[in-house]
Structure formats: structure tokens, C-alpha cells
4 protein chains.
Amino acid sequence: MDTNKQGKKPKEKTFTEKARSKQIIECTIDVITEIGYANTSIGKIAQKANVSKGVITYHFSDKEELMTGVVVDLYQKAAFFMEKHMQNPDNAIDMLRAYIVSNLLFIKENRKHVAAVIEIVTNDRNEQGELRFAGQEEAIYAPLEEIFQYGQEVEGTFRSFSKRFMAVMLRSAIDAAGDQLAKNDQFDIDLYAEELVTMYDRATRK
Amino acid sequence: MDTNKQGKKPKEKTFTEKARSKQIIECTIDVITEIGYANTSIGKIAQKANVSKGVITYHFSDKEELMTGVVVDLYQKAAFFMEKHMQNPDNAIDMLRAYIVSNLLFIKENRKHVAAVIEIVTNDRNEQGELRFAGQEEAIYAPLEEIFQYGQEVEGTFRSFSKRFMAVMLRSAIDAAGDQLAKNDQFDIDLYAEELVTMYDRATRK
Amino acid sequence: MDTNKQGKKPKEKTFTEKARSKQIIECTIDVITEIGYANTSIGKIAQKANVSKGVITYHFSDKEELMTGVVVDLYQKAAFFMEKHMQNPDNAIDMLRAYIVSNLLFIKENRKHVAAVIEIVTNDRNEQGELRFAGQEEAIYAPLEEIFQYGQEVEGTFRSFSKRFMAVMLRSAIDAAGDQLAKNDQFDIDLYAEELVTMYDRATRK
Amino acid sequence: MDTNKQGKKPKEKTFTEKARSKQIIECTIDVITEIGYANTSIGKIAQKANVSKGVITYHFSDKEELMTGVVVDLYQKAAFFMEKHMQNPDNAIDMLRAYIVSNLLFIKENRKHVAAVIEIVTNDRNEQGELRFAGQEEAIYAPLEEIFQYGQEVEGTFRSFSKRFMAVMLRSAIDAAGDQLAKNDQFDIDLYAEELVTMYDRATRK
DNA sequence: TATGAATGAGTTTTCATTCAT
DNA sequence: AATGAATGAAAACTCATTCAT
């Protein structure tokens with residue numbers, strides 16, 4: 001049997017159930033982006049979805065499970081996106097460009113969902129007060145560090161710098177685009193991508 | 001006088017009151033950094049401070065006022081810090097370095113307070129669901145944009161790039177240091193500062 | 001749907017919900033008449049009804065809405081009563097008698113509810129401190145003034161006097177019966193009605 | 001030693017104390033008439049008086065004592081008023097007129113204080129929920145009943161009617177003037193007095 | 001599969017009162 | 001005589017969760 005955590009077995013969902021779940025997730029995203037994680041309640045989500053509160057706890061046994069649902073849903077979108085935009089550049093410089101461009105494109109296409117997930121990931125905590133989605137750093141920074149490693153040690157096209165720090169900086173610049181987009185719909189993320197590519201090219205190249 | 005809720009002018013605080021206020025603000029910072037903004041309640045702060053809930057509302061008529069207190073307190077620390085570390089480099093490259101280094105030093109010295117303020121600023125909303133501390137962007141990006149402007153148009157030592165985008169990227173990299181520090185006390189922010197300086201030197205120089 | 005607080009349109013109530021609402025209203029009346037409006041709290045009402053506080057806010061989103069419920073309920077009883085006791089005397093003197101007698105009968109039959117509504121109407125205020133049910137004067141005095149007008153100007157059976165003042169006096173005498181009844185269950189309201197009829201006959205007749 | 005109730009000895013007040021007390025009572029009257037008894041708190045009174053809450057509890061050991069103060073103060077004003085307007089008509093008809101006219105004049109001259117006292121008297125309750133100023137009925141109705149008695153049984157100028165009922169009606173009509181005045185400053189209480197005199201003349205005369 | 005109903009814990013806030021100075 | 005400080009109880013309201021239907 002597949003359980004995920006603490007004995008909480010995810011219900012095997014039927015087709016209709018999946019549709020409902022998707023709808024609830026959409027409404028959750030709307031509510032979170034509109035009023036923020038701290039003000040989001042199951043009642044307000046139910047209201048937005050025009051269903052009773054019970055429906056939500058029927059489909060997601062927990063508030064926790066619902067929030068996880070929103071996050072996982074974005075992961076799945078990301079996986080799908082990656083598959084579609086798959087390309088394997090043969091050099092570190094192009095890898096880095098591809099990484100930046102595809103990340104910003106994904107954010108652009110999923111801005112609301114991304115914003116909601118950021119709210120959840122930075123706010124949702126367990127009873128001990130620990131961030132429920134903490135400890136994903138390695139998974140986030142690893143791909144970047146690999147590119148840097150390749151450029152520095154295999155190809156020799158990158159200068160010497162701290163791979164982790166560079167990854168932190170780049171990641172923060174990418175995430176900043178999401179913030180800017182959330183605040184200002186006119187933010188020109190394509191132009192931002194171009195500048196970011198140029199900048200990191202200069203910053204990393206030997 | 002007993003209250004200050006008429007037109008919201010901040011009450012003239014006595015000496016003892018200031019001490020208590022400070023203490024409450026300290027505890028608020030502790031609680032927020034420990035369990036996050038969304039889980040922070042006046043009750044928990046009172047508990048941490050070992051006083052009754054009433055004490056808090058006696059000194060801060062509102063939760064809103066308390067949160068504002070935490071934010072304003074950091075602003076004051078920042079102003080004081082700036083005065084102390086004041087230096088006026090005569091060229092853009094050194095200005096940029098000074099900006100980065102002093103900012104990271106301030107974050108290093110006030111890591112908890114900074115973390116708490118970020119929690120507040122990104123979460124505290126009014127009844128309409130709008131972020132209460134939104135719309136400070138201009139004030140944040142202006143000093144950086146001025147440095148870039150000087151380097152590009154007066155000195156000619158900086159290449160051509162979008163001043164706003166560059167400011168957004170740099171600011172996000174600086175703030176990322178706070179996040180990293182919050183998660184991991186071992187994070188070597190001095191080294192990070194060095195890398196950041198090098199990187200932005202390369203990224204901006206003609 | 002889960003709430004009704006958007007624009008304050010009263011929610012469509014189901015059968016069971018109506019029953020609960022009625023029960024809560026009954027208890028509210030009891031509590032108000034027992035300890036007065038100023039001491040009445042949702043907690044005490046819940047206690048009297050032997051339900052949890054939450055039940056009350058589930059059925060009435062607001063204390064305001066609950067109080068309005070109590071008032072509206074009496075209006076409805078009054079409308080029903082009027083329909084049942086409908087009679088259209090063809091002369092002013094009999095109209096006046098009918099008005100007095102039926103009003104006192106209604107008060108007699110609904111003494112507690114009437115007492116509670118008086119408490120609410122004279123005490124329930126909005127955030128600005130204004131009586132929430134103020135400004136109904138015209139609706140209250142109009143029917144009486146019409147009778148006086150008819151007797152004075154159409155029939156000529158009434159002497160000349162200020163219609164408004166006479167209406168104020170008579171209305172106050174009628175409401176006084178409710179007060180007396182609230183204080184003293186032995187108060188003989190039927191006899192009071194007779195005296196009132198006699199008195200106003202003498203006071204108004206040419 | 002003179003105690004008033006439940007062992008609560010009224011402090012012997014010095015001259016300055018009396019002045020402060022008066023001032024606090026004035027402010028209490030203002031607050032009550034502005035926002036109603038149920039919303040009146042010591043804090044709000046202190047605010048209005050521009051003193052700290054402590055001052056109030058220093059001069060009045062209790063909220064109860066403060067409210068009593070407001071009521072007693074009006075009684076004293078009334079006693080003083082009566083002394084000044086003393087007249088002893090020798091017949092029931094003139095006594096009744098004098099009663100009505102002087103009562104309405106007193107209300108006119110002390111409208112705010114009267115309104116506040118009505119709020120207190122109809123709302124202030126003890127811990128058992130009983131009106132603290134209840135049971136004054138006899139004192140209120142007695143003088144009127146005496147006049148009626150005199151007119152009916154000594155002089156024979158009044159017809160036969162229930163003395164108590166007539167007193168209730170008249171008293172309610174007089175108090176109604178206070179209500180009207182509270183709601184509408186333009187209310188012509190002198191004219192009202194005239195009508196009331198005429199009316200009760202007709203209603204009572206043989 | 002959905003919902004209405006109910007619960008009880010927890011939130012912010014207000015308040016009368018007490019007390020040291 | 002006055003005040004600032006503190007307290008703790010009680011208020012209204014919100015909410016995640018449970019459950020019978």
C-alpha cells in the first residue's frame with residue numbers, strides 16, 4: 001500500500017473526484033493570492049467555490065492535505081513543463097541560459113499558482129511551528145550546482161566561485177520575478193530574463 | 001491620557017513604557033521567528049513575555065500597532081546603523097561595494113529582527129486583504145538605481161543595463177542572505193558578501 | 001452556501017435551520033428580559049439554549065443579525081395578528097378604540113417578546129453609537145395621525161389638537177402598559193385598556 | 001456612621017474633590033447620551049474628561065457608584081428646582097396643571113441629564129440581573145395619585161377613574177417628552193405641555 | 001458524493017478593577 | 001490627588017474539524 005506520511009493514506013481518487021479536487025485547488029490558489037495565506041480559511045475557499053465547507057474536508061481530509069495538494073499540483077505542472085521544453089545543451093553556458101529562460105517562462109505561465117505556492121511554502125507550519133515544506137533546499141540548488149560544476153571542472157569555461165552561493169543568488173533573482181509579477185502585472189518578465197541571462201553570463205564566465 | 005486611538009497618532013511614551021514596549025517587541029520578534037507570522041498571536045507573545053495579554057494591548061492598542069512597532073523599530077536601527085557606517089565613496093564601483101557590504105553586515109547583526117520584519121511585511125494585511133506594508137518598492141530600489149545611474153551616465157564605468165532590473169536582482173540576492181541565515185546559523189554571510197561584490201562588479205562593469 | 005455576509009442579504013433558511021433560529025430567538029428573548037440588553041451576551045444565550053456558542057454564530061452571522069432577528073420576528077407576529085383581528089370601523093371614534101384595544105391585546109399576548117424588542121430598540125447601537133433602529137417614528141405615528149385627521153377634518157367628530165402630540169401621548173401610554181406588565185405580572189391590562197379608551201374618547205371628542 | 005448600602009461608605013468629599021466629581025459626572029452624562037449606556041465605559045469617560053482612568057476610580061470606587069452619582073445628582077437638581085418653583089394651588093385642577101408644567105420645564109432645562117438618567121435607570125443592573133433602580137414606582141406615582149384622590153374624593157371635581165392607571169398614563173406622556181427631545185432638538189416642549197394640560201383636564205374633570 | 005449542523009478551541013479586543021508611586 | 005501599569009475575565013467572532021443524513 002502506498003502511504004505518504006504519518007499513516008495518512010491518500011484516497012484513491014475517481015475521475016469526478018479528481019475534477020472536484022482540481023476545482024478546489026484552483027479556488028484555493030485564488031483565495032491565497034487574493035488575501036494571503038494567513039487569512040485563507042476553508043470557509044473562504046468553500047465560498048469562492050460555491051460549495052459547502054464539508055465538500056472540502058470530504059476531498060481533502062485536512063487543511064494540511066489541501067495545501068500539499070496545491071504544492072504538488074505545481075510540481076506536476078513543472079514536471080510536465082520540463083518534459084515539453086526538454087533540451088540538452090552540450091555546454092555549461094547554454095545550460096545556464098536554458099535553465100534561466102525556462103524557469104522564468106514557467107513562472108510567467110503559472111504566475112498565480114507560483115505565487116500561491118510561495119505563500120504556502122513560506123508560511124505553512126506544523127504544530128511544532130516548523131515550516132512544513134522546509135528542507136527542500138538541496139533539491140532546489142542541486143541542478144544549478146551541477147551546471148556550475150560542469151562549467152568549472154569539466155569544461156573549464158566558468159571561473160572559480162562558490163557554487164552554492166551562486167546558486168542561492170540566481171535562485172533568488174528568479175523567484176524575485178514571481179514577486180514582481182504578483183505585485184505588478186505589467187512587469188516585463190521576458191526582458192528581465194534577457195538581463196538575467198546576460199548578467200549571469202558575465203558573472204560566471206572565465 | 002489613556003488611549004491613542006483617535007486618528008491614530010502615536011502616543012507620547014514615557015520612559016518605563018518605552019522599556020516595556022521594547023521588551024514586547026523583542027518577544028514578538030522571537031515568537032514570529034519561531035513559529036511564523038500566521039501562527040503568532042498576542043496570547044503567545046504575552047506567554048513568552050510572561051505577562052498577561054492585557055499588558056500587550058495596554059502598550060499597543062492593536063495587533064496592527066504592535067506589528068508596525070516591530071517594523072519601525074528595525075527602520076530606526078537601520079537609520080542608526082547607516083549613520084554609524086556612513087562613508088561616501090567617490091566612485092560607483094565602491095559605492096556599490098559599500099552598499100552590499102553594509103547591507104549584509106546589518107542583516108548579520110540583526111538577523112532575527114530582519115527575519116521577523118520580512119514575515120510581517122510579506123504577511124500582514126488589512127481588512128481588504130491588501131498587504132499593509134506594500135508600496136515601499138520605490139524607496140527600496142531608489143538608492144541602488146541612483147548608484148547605477150551615476151556609474152552609467154556620469155562616470156561611464158558601468159555598462160548599459162536596466163537599472164530597475166539590476167536593482168531587483170541585487171536586492172533579492174541580499175534578502176536571500178537573510179533567509180539563508182534564518183534557516184542555517186552556520187551560513188557564512190561574510191564570504192557570501194565577498195562573492196556578491198565580485199559578482200556584481202563583473203555584472204555591472206563596462 | 002456557508003455564509004450570508006455579502007451585502008447582508010438574509011440567507012435562504014432551510015426548515016431545520018428555521019426551527020433552530022426560532023429556538024435561539026426564543027432564548028434571546030428570555031435572556032434579554034431576564035438580565036437586560038446590556039448584560040446579554042451570545043455566551044449567555046448559548047447557555048440558556050444548551051448549545052455551544054458556535055451554534056449561534058452559525059445561524060446568525062452576527063450579534064447584530066440576531067438582534068434584528070428578534071425584532072423582525074415580532075414585526076411578523078404583529079402583521080399576522082393584525083390580519084387576524086382586522087376590522088374596519090367606519091368612524092374615527094371606533095377606529096381609535098380598535099387601535100387601542102388591539103394594540104394592548106397584542107402586547108398582552110406577546111409581553112416578553114415586546115419587552116425584549118423594546119430593550120433592543122432602545123439600546124442596540126452601531127459602531128458610530130447611533131441607535132440601530134432609530135428613525136421609525138413616522139411609521140409608528142402615521143396610523144394614529146391618520147385616524148385623528150379623519151376625525152378632525154372629514155367627520156368633524158374630533159376637536160382640534162396637535163395630531164403628532166396626541167399620537168406621542170397615546171403611543172407612550174400604550175407602551176407603558178408593556179413596561180408595567182414586564183415589572184408586574186398581575187397588572188390588569190384589560191382594565192387599563194378600558195380606562196385608556198375612555199380617556200382618549202374624552203380627550204379627543206369635540 | 002452613615003453608610004448607604006452594603007457597607008459602602010461614601011467618602012466624605014473635600015471641596016476640590018466635589019469639583020472633580022461634578023466634572024466626571026458631566027462627562028459621564030455626555031458619553032451616555034452620545035453612545036448609550038451599554039457602550040459607556042470608564043475608559044471612554046476618562047477620555048472625554050481628559051484624565052486617566054485611575055482618576056475615576058479614585059473619585060468613585062465603583063462603576064456602580066458613578067452611575068448612582070449621576071442619578072443622585074439629578075434628584076438633587078430636582079429637589080432644588082421644586083423648591084424654587086414651589087407653589088401650592090388650592091384646587092386639584094390647578095395642582096395637576098402645575099405638576100405637568102413644572103415637570104416638563106424641568107425636563108426641558110435638564111434634557112441631557114434626564115436622558116442619561118433614563119438610560120441608567122432602565123439599564124443598570126446588579127449581578128443578579130435586577131434593575132438597580134427598580135422599585136421606585138410608588139415614589140413616582142404617589143404624588144399624582146394624591147392629586148387625583150384629592151380631586152375625586154375631597155373636592156369632587158374629578159370624575160371616577162383608576163388613580164394608578166391615570167398616573168401611569170400621565171407619567172408616560174411626560175417621560176415621552178424627554179425621549180422626543182433627545183431625538184429631536186426642535187421638539188416644542190412648551191406646546192406639548194399645553195396640549196398635555198388640556199388633555200388631562202378633559203380626561204379627569206367630571 | 002455532498003451538505004447542513006454543531007462543536008470547542010483559539011483569536012483579538014474591551015474593560016473594571018487594583019495597586020505602587 | 002493623580003497616574004501609569006498591570007491584570008484577568010469576558011466579550012464577539014473565526015475556524016478546522018466531525019458527523020449524521
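Quick note on labels: first sequence line is chain A, next is B, and so on, each numbered from 1. For clarity, every value in this text was computed on a predicted model and none was experimentally measured.
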Pairs counted as Watson-Crick or G-U wobble with both distances under 3.5 Å: what dot-bracket string results for DNA chain E, using | for bases tied to another strand?
.||||||||||||||||||||

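Of the candidates D124(C), N123(C), T68(C), R132(C) forms a side chain to side chain donor-acceptor pair (under 3.5 Å) with just one, namely D124(C). The only option from K44(B), K112(B), K48(B) that meets the salt bridge (charged side-chain N to carboxylate O under 4.0 Å, His left out) definition with D30(B) turns out to be K112(B).
The side chain to side chain donor-acceptor pair (under 3.5 Å) search around N126(C) returns E130(C), not counting sequence neighbours.
Between dA6(E) and H59(C), a contact under 4.0 Å exists linking OP1 or OP2 to a side-chain N or O. Phosphate contact (OP1/OP2 of dA6(F), side-chain N/O of Y58(B), threshold under 4.0 Å): absent. Phosphate proximity of dA6(E) to R20(C): present, with a side-chain N or O under 4.0 Å from OP1 or OP2. OP1 and OP2 of dG8(E) both lie 4.0 Å or more from every side-chain N or O belonging to S52(C).
The distance between atom CE of M67(A) and atom C1' of dA16(F), rounded to the nearest whole Å, is 11 Å. L66(B) places its CG atom 14 Å from the C1' atom of dT13(E), with the value rounded to the nearest Å. Separating the CD1 atom of I45(A) from the C1' atom of dT14(F) is a distance of 14 Å, rounded to the nearest angstrom. The CZ atom of F60(A) sits 15 Å away from the C1' atom of dA2(E) (whole-angstrom rounding). Going from atom CD1 of I24(A) over to atom P of dA2(E) covers 8 Å, rounded to whole Å. Atom CG in N50(A) sits about 14 Å away from atom C1' in dA2(E), given to the nearest Å. What separates NZ of K44(B) from C1' of dG10(E) is a distance of 8 Å, to the nearest Å. The CD1 atom of I56(D) sits 13 Å away from the C1' atom of dC15(E) (whole-angstrom rounding).
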Apply the test side chain to side chain contact (heavy atoms under 4.5 Å, CB included) to residues T57(A) and K53(A): give CA-CA distance (whole Å), side-chain angles for both, the deciding distance (0.1 Å), then the verdict.
CA-CA 7 Å; T57(A) 21; K53(A) 256 194 299 187; 5.6 Å; no

Apply side chain to side chain contact (heavy atoms under 4.5 Å, CB included) to R20(B) and Q23(B), showing your working.
CA-CA 5 Å; R20(B) 252 286 189 256; Q23(B) 184 211 355; 2.5 Å; yes

For K63(D) and I42(D): C-alpha separation, side-chain torsions, deciding distance, then whether side chain to side chain contact (heavy atoms under 4.5 Å, CB included) applies.
CA-CA 7 Å; K63(D) 198 190 182 184; I42(D) 290 189; 4.3 Å; yes

Strictly under 3.5 Å: I want the nitrogen or oxygen pairs between protein and nucleotides 17-21 of chain F, one per line.
from, atom 1, to, atom 2, distance (Å)
dT17(F), OP1, D62(A), OD1, 3.4
dT17(F), OP2, K63(A), N, 3.0

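In the displayed structure, E127(A) atom CD is contacted under 6.0 Å by at most 12 heavy atoms of other residues, nucleotides or ligands.
Taking for each of S41(A) and T40(C) the nucleotide of DNA chain F with the nearest heavy atom, the 5'-most of the two is the partner of T40(C). Each of V51(C) and N39(B) lies near DNA chain E, and the nucleotide nearest V51(C) is the one positioned closer to the 5' end.
Closest non-hydrogen pair, Y37(C) versus E119(C), comes out as N-OE1, 2.8 Å.
At least one side-chain heavy atom of K22(C) sits less than 4.5 Å from a side-chain heavy atom of D73(C).
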